[in-house]
Each structure stands twice: as C-alpha cells, then as structure tokens.
Amino acid sequence: MKTVRLTAAQAATRYIAAQMNEEDEPFIAGMWAIFGHGNVAGLGEALYAARDTLPTWRGHNEQGMAHAAIAYAKQLGRRRAMAVTSSIGPGATNMVTAAALAHVNRLPVLFMPGDVFANRGPDPVLQQVEDFGDGTVSVNDCFRPVSRYFDRISRPEHLLTALPRAFRVMTDPAECGPVTLAFCQDVQAEAYDWPESFFEERIWRRRRPHPDEVELAAAVEAIRASSRPVIVAGGGVHYAGACEALKAFAEKHAIPIVETQAGKSALPWDHPLNLGPVGVTGAASANAVCAEADLVFGVGTRFQDFTTGSWALFKNPSRKLLALNVQPYDGYKHDAQPLVADARVGLDLLSKALGGWTAQAPDPAFKANWFAAADAVTQAPSGDGNALPSDMQVIGAVQRAAREDTVVMCAAGTMPGELHKLWKAGRPGSYHMEYGYSCMGYEIAGGMGIKMAEPARDVIVMVGDGSYMMMNSELATAVMMGIKITVVITDNRGYGCINRLQMSTGGAEFNNLLDHAQHANPSRIDFVGHATSMGATARKAGSIAELEGALAEAREADGPFVVVIDTDPYPSTEAGGHWWDVAVPETSNREEVRAARKRYEAMLKERN
Ligand SMILES: Cc1ncc(C[n+]2csc(CCOP(=O)(O)OP(=O)(O)O)c2C)c(N)n1
Ligand SMILES: [Mg+2]
C-alpha cells in the first residue's frame with residue numbers, strides 16, 4: 001500500500017478538499033477559523049498549506065462564523081456546506097448554539113473544535129474543564145446532543161473512519177445535520193502514514209430513496225378517499241429540489257398548497273393553488289383550508305408547532321394525516337400515515353398512480369381576500385407623518401425595493417411572523433427564514449453566508465434591534481471580505497414580539513422593552529454610529545419614504561449597507577394567524593392572567 005506521511009491536521013484538510021458533490025464542486029467550500037492554542041499550530045499550519053484548495057476565512061465570533069456556514073448550506077439546498085474550527089474551551093462552546101441551530105434545521109456543517117491533549121501530558125491545559133469522576137469528558141461533549149455525528153479524534157487514524165462517516169451524514173438527505181469532530185490538539189500535530197487512496201477525489205451523490213410499494217399504494221388510497229386535501233409544503237421540498245414537481249402535482253390534481261416558514265417560496269406567492277403561509281403566523285386563506293381539510297398531506301415538513309397551530313389547526317374531526325418525508329421519524333409524527341421517500345420521487349410516483357384524479361379546488365375568494373388584507377397593512381402610510389411606522393409598513397417598502405433575484409432573510413423577533421404572513425415570495429430561494437431554532441443573532445452572519453452562496457443575488461437582512469445587539473460582529477467580516485448585504489434594522493427599542501406575547505398571556509409589560517427593564521439611564525443605542533464604526537455605510541430613515549430612498553442607495557453601494565428605522569413595538573398583523581400553545585399560569589394575583597388562563601384552557605380543548 002502506498003502511503004504518505006502527514007500530520008492528522010494535514011490529512012484532514014487534504015481529505016476535506018477532495019470530497020465533491022454531484023455537480024463536481026467541493027462539498028466543503030472552505031473553513032471558517034478562529035485560532036487559539038487548540039488549533040493554531042495543528043490545523044492552522046495545515047490550512048495555510050492547503051489555502052489554494054480549501055480557503056480559510058476569519059470571523060469575529062465562532063457562533064457567527066457557524067451561522068454563516070449554516071446559511072450557506074441552507075441557501076444552496078444542502079448541496080454544499082462549510083467547516084468551522086475553533087480552539088478548545090470557549091471557542092468550542094461558542095459554537096454549541098450554532099450546532100443546535102443546524103441540528104434543528106437539518107443543515108450540514110462540519111465542526112472541528114480543538115480538544116484537550118489526548119496524551120493528557122499537560123493536564124489541565126488552559127481552558128480544560130475538569131470532571132472529578134470521568135477522565136474522558138471535555139467541553140466538546142456538549143456537542144453530542146446537537147450533532148448528528150460526533151467523534152473525538154484522539155488518534156490520527158481515527159480520521160480514516162470518522163471523516164467518511166462525517167461526509168456520509170452531511171450528504172444523507174434523511175440524516176443530514178451538523179457533524180462534530182473534536183480534534184485533540186496534540187493529535188492534530190501528530191504524523192501518521194496514510195494510505196494514498198484515502199485522499200482520492202470522491203463524489204457524494206445525493207440519494208433519492210423510492211417509497212415502499214405498500215406505503216405508496218396506501219398513500220394513493222388515502223388521497224383518492226379524500227375530497228378536500230391540502231398539501232403542507234415544508235423545507236424538505238426545497239432540499240429535495242422538488243418545487244417544480246410539487247407545482248406539477250398540485251396543478252394536475254387541483255390540490256391547494258400551504259407553506260411553512262422553511263417551505264415558503266416553493267411556489268410563487270401568486271400561484272392560484274398557493275393559499276399562502278400556514279399556521280400560527282399563517283394567512284386566513286391557508287388556515288381556513290387547513291381547518292376544513294379531510295386530508296392533511298405534509299411534504300418535507302417536521303410539523304413544528306407553528307405549522308400545526310400546536311395541533312389545533314386541522315379541525316376537521318375526520319381528517320387524516322399523510323406524511324411524505326425522507327426521514328421516517330417525521331413520517332410517523334402525530335400518528336401520520338407515512339410515505340417515506342424523497343419528495344420529488346414520491347410526488348412523481350403518487351401522481352402517476354393517481355392518474356386523472358382531482359380534488360375539489362379551493363374557493364379563489366379565500367386567496368383574494370387574504371392578499372387584500374395583507375396589502376392594506378403593508379402600504380406606505382399616508383397622512384399623519386408623526387406616527388412611528390409599523391414593521392408591516394417596513395416590509396412593504398422592502399418588498400417594493402426587492403427584485404426578482406432578491407433574497408429576504410431573518411430568524412427571530414417580530415419580522416419572521418410578519419414576513420411569513422406578508423412577504424410575496426417569487427422564485428424558490430427568495431425567502432430564507434431560520435425558524436427552526438429562531439436564533440437571535442443568526443441574521444447578519446447568515447446574510448453573509450447567503451451572499452457567499454449566491455453572489456449574484458441581492459440579500460436583504462431584516463433584523464430587530466434586539467437581535468442586532470445580540471450578534472453583529474460579522475458585519476465587520478462582511479466589510480472586510482467585501483460581501484455586499486443590505487441590513488434593515490427595525491429599532492423598536494427592545495424585544496417587541498416577546499413584550500406582546502407577555503401582554504397576550506396576561507403579563508405586565510416587564511423586562512422586554514428597554515424602558516421597562518431595570519435601568520439607571522434610558523438606553524438609546526446609536527445603530528448608525530455602531531454600524532459605521534465597523535466600516536459599513538449606514539443611514540437612518542425617518543420615515544417609510546426615506547427607507548425607500550435608502551434602499552435605492554443601498555443597491556448602488558459596494559459594501560454592506562445598513563438602514564435603521566424606528567418602528568412602533570405594539571402593532572402586529574391581526575388578520576390570519578392561529579393560536580399558539582404558550583402555557584399560562586394556573587394561579588395568579590393578576591386578573592389579566594386569570595382571564596388569559598381561561599382563554600388558554602378553552603383553546604386546549606381544540607387540540608386534536
Ligand atoms: C438567542 C435567543 N435568545 C432569546 C430568544 C427569545 N426571543 C425571541 S424574539 C426575542 C426578541 C427579539 O427582539 P428584536 O430583535 O428587537 O425584535 P422585535 O420583536 O423587537 O421586532 C427574544 C428575546 C431567541 N429567539 N434567541
Ligand atoms: Mg426590537
């Protein structure tokens with residue numbers, strides 16, 4: 001056997017660079033790195049040598065770098081991914097939240113945190129957590145529950161099995177998610193005689209599993225037996241590249257479609273069979289169709305509580321649940337009838353078997369009424385110029401500025417719900433919402449990852465003041481790397497959406513808006529000054545008209561462009577939507593809480 005002598009870190013970078021996707025692109029586009037003693041000498045040396053085949057990028061926060069990596073993979077429909085390396089200790093644990101985000105959203109990312117010395121010579125090394133009763137524990141064990149594959153590389157040759165497993169998991173449609181290879185820092189630097197064949201180029205083909213014949217026949221039967229089916233389109237439709245197949249299926253069989261946060265943009269917003277967003281943040285049109293449906297047909301959805309209205313949305317007492325999913329775990333959720341398969345293959349085969357069968361098409365008035373309601377709240381304000389604009393009016397302005405190739409993105413706060421309801425998404429991929437983990441701080445770093453994935457598209461990041469404050473440092477990375485994104489900060493001076501949730505559950509306004517939090521001095525953050533200090537171009541918009549002007553200016557800018565607008569923290573879109581299960585206290589000395597509890601108990605009875 002021909003061998004080559006390399007350190008474990010050199011071998012890892014060489015192997016990673018040789019792994020290709022079906023489109024013949026490197027599956028891992030590059031590695032984000034913040035170095036420390038746990039990776040600078042080992043992986044750092046290897047990455048420098050490999051810089052022409054595996055680029056290294058430096059961020060400002062390990063979590064932020066990982067958010068960029070995850071957004072990149074999401075935007076490319078999991079066809080490519082990025083790696084992220086950190087030192088041991090704090091750098092590593094900074095990535096744990098991002099790992100959870102990738103895990104919930106089923107997105108591939110390769111984490112390579114440094115780890116303590118495998119030989120234990122210097123124990124405890126700087127930043128080592130000491131477990132008094134277990135010599136095998138390090139902080140990287142925190143990654144176990146948030147990784148789809150976890151391994152600790154405590155001998156060089158572990159890579160021979162760990163790396164292929166890592167790529168298998170990241171490229172497997174059913175198991176896809178984050179992978180953690182905790183890399184002991186002494187091992188990174190250790191040499192080994194590697195078989196040369198280990199570094200041969202390899203193509204990771206995406207499997208498209210066909211359904212089991214019996215399950216397929218049963219699914220056909222269930223659809224034929226229904227008269228008012230509805231399709232719930234989830235993120236899996238995008239990841240399977242099944243948007244066209246879904247459209248063809250819906251058109252041929254006259255079945256309405258509703259979209260989850262991850263599924264949105266599967267069909268263009270104005271397609272007659274796209275009844276709009278579903279669930280808690282859904283449209284009245286979509287939710288009305290779901291309430292009546294006798295068959296709820298989920299395609300590539302996890303049936304998260306926002307989608308199902310905490311399982312109180314599908315009200316027809318005789319309704320059935322059918323779940324087409326590549327992952328059996330999702331296929332069986334809530335007692336669904338499973339159809340385990342790739343979404344595209346599954347839809348094509350179902351369609352063939354259904355022949356000319358069609359459902360009862362929905363009343364077109366549903367959809368027309370919804371968009372009339374949505375347009376009313378997003379139009380530019382007229383008259384009294386003193387009132388603060390609403391977030392919905394901000395959405396209207398951004399929508400008017402958006403083009404065919406614009407991607408609007410967000411993750412947490414008021415905007416995800418409002419965008420789900422109100423944004424008119426065009427082609428697939430024009431709407432990028434991280435609403436699996438809804439992680440504050442995903443936005444700016446994520447926007448950068450989207451732009452790296454699709455440099456030709458305009459990326460508009462919608463971010464609240466709260467999320468901006470939680471994590472904004474990758475704005476400086478975007479400036480440094482010349483990655484042009486537009487960031488719209490809606491400054492309502494606090495956690496507006498949680499304040500409203502607190503009020504709706506009977507609570508006093510407390511600890512959410514800055515003015516309601518413990519303070520000696522009122523907090524007035526200068527976001528324009530802050531963004532400017534990091535090198536971005538920043539503007540304050542005093543009105544919706546000024547926002548439109550700033551967005552036009554943003555288009556001509558060469559680098560990151562930030563627009564700040566003060567908005568009213570109280571309004572949200574009344575139309576549409578559905579109840580969401582947030583437990584209200586059973587006893588309270590607040591009358592408002594006791595009233596909210598009564599409403600809550602009544603709604604619990606709606607669950608089915
Ligand atoms: C990391 C993280 N911490 C806490 C939360 C809970 N949370 C969801 S939205 C929100 C407030 C968001 O405030 P802001 O970004 O200003 O948006 P707004 O609702 O005011 O528009 C909080 C605290 C979260 N989703 N993520
Ligand atoms: Mg806010």
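Remember, it's 1-based here, ligands and their atoms both numbered in the order they're listed. Hydrogens, waters and symmetry mates play no part in the numbers below; they use all other heavy atoms, side chains included.
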Looking at [atom], what's its closest protein heavy atom, distance included?
{"atom": "atom 6 (C) of ligand 1", "result": "Met440 SD, 4.2 Å"}
{"atom": "atom 13 (O) of ligand 1", "result": "Tyr495 CD2, 3.4 Å"}
{"atom": "atom 25 (N) of ligand 1", "result": "Ser438 O, 2.8 Å"}
{"atom": "atom 21 (O) of ligand 1", "result": "Thr414 OG1, 2.7 Å"}
{"atom": "atom 14 (P) of ligand 1", "result": "Gly466 N, 3.5 Å"}

Does at least one non-hydrogen atom of [X] fall below 4.0 angstrom from an atom of ligand 1?
{"X": "Gly441", "result": "no"}
{"X": "Pro569", "result": "no"}
{"X": "Asp465", "result": "yes"}

Would [X] and [Y] pass as an ion pair if we require N to O under 4.0 Å?
{"X": "Lys484", "Y": "Asp458", "value": "no"}
{"X": "Arg594", "Y": "Glu591", "value": "yes"}
{"X": "Lys424", "Y": "Asp375", "value": "yes"}

#### Entry: Heavy-atom closest contact (Ile450 atom, Val407 atom, distance)
CG2-CG1, 4.1 Å
### Message
Suppose you place the vertex at the Mg ion (ligand 2); what is the angle out to Asn492 OD1 and Gly494 O, to 10°?
### Response
90°
### Message
I'd like to know if the side chain of Trp580 pairs up with that of Asp305 as donor and acceptor (distance under 3.5 Å, no hydrogens or angles considered).
### Response
yes
Would you mind listing which atoms of ligand 1 come within a distance below 4.0 Å of any non-hydrogen atom of [X]?
{"X": "Ser467", "result": "14 (P), 15 (O)"}
{"X": "Gly413", "result": "9 (S), 12 (C), 17 (O), 19 (O)"}
{"X": "Gly496", "result": "18 (P), 19 (O), 20 (O)"}

### Query
In terms of ring plane angle, is the pair Phe314 and Phe303 parallel, tilted or perpendicular, where the classes change at 30° and 60°?
perpendicular
#### Entry: Aromatic ring pairing His530/Tyr468, orientation class (parallel under 30°, perpendicular over 60°, tilted between)
perpendicular
At a non-hydrogen distance cut-off of under 4.0 Å, which region of [X] contacts ligand 1 (side chain, backbone, both, or neither)?
{"X": "Ile498", "value": "side chain"}
{"X": "Asn492", "value": "side chain"}
{"X": "Met470", "value": "side chain"}

### Query
What atom name does the N, O or S atom of Asp465 nearest to the Mg ion (ligand 2) carry?
OD1
### Message
Given 3.5 Å as the limit, does a donor-acceptor pair link the side chain of Gln393 with the main chain of Ser390, or not?
### Response
yes
### Task
Indicate yes or no: at least one non-hydrogen side-chain atom of Val278 is less than 4.5 angstrom from one of Glu259.
no
### Query
Taking the side chain as C-beta and beyond, is there a heavy-atom pair between Trp423 and Lys264 under 4.5 Å?
yes
### Message
Looking at Tyr570, I want to see if its OH is surrounded by more than 12 non-hydrogen atoms of other residues, nucleotides or ligands under 6.0 Å.
### Response
yes
### Query
Below 3.5 angstrom, do we get any N/O pair linking Gly494 and ligand 1?
yes
